[in-house]
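Right, one structure below, let's go through it.
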Amino acid sequence: GQRFLKGSGLDHGGNLNNGLFVIIGASAALSPTPGMMGYGAAKAASHHYLQSYGPSASEENGSTSVGVLPLMLDTPANRAMLGGDGNDDDRYSKM
């Protein structure tokens, strides 16, 4: 990771200076996820990390932290879960 991020605002200690930190959460993890406990735990951890890291990073080194919480991604599995074939169903155009 460090090699890939070289020149992106990381100092030698791995700290981000005046950079942008983006993490993907999920709105599903804002409430219990009994059928997807591992997924919910991972996304809840990303929310917690952002809430903990974001304010301190801004104060300490001028970095901006952003969390993205999609409601649903357009994937074949999610289309199958919604039902229909996706061709004439406008639910898919709203994802």
Check: Do I23 and H47 touch side chain to side chain, with heavy atoms closer than 4.5 Å?
Finding: no
Next item on the list: Check side-chain contact (heavy atoms from CB on, under 4.5 Å) between A44 and all other residues, then give those that pass, not counting sequence neighbours.
Entry: none
Checklist line | Residues in side-chain contact (heavy atoms from CB on, under 4.5 Å) contact with S65, at least two apart in sequence or another chain | finding: F21, L50, Y53, A57
Notebook entry, point to check: Do L20 and V66 come close enough that some side-chain heavy atom pair is under 4.5 Å?
Noted result: yes
Check: Are any non-hydrogen side-chain atoms of K43 and H48 less than 4.5 angstrom apart?
Finding: no
Margin query: On a heavy-atom basis, which atom in A29 and which in G40 lie closest, and how many Å separate them?
Written below: CB-O, 3.8 Å
Next item on the list: State whether the number of non-hydrogen atoms from other residues, nucleotides or ligands found under 6.0 Å of M81 atom CE is greater than 12.
Entry: yes
Margin query: When you compare the side chain of I24 with that of P70, does any pair of heavy atoms fall below 4.5 Å?
Written below: yes
Check: Can you tell me how far the OG atom of S27 sits from the CG atom of L71, to the nearest 0.5 Å?
Finding: 4.5 Å
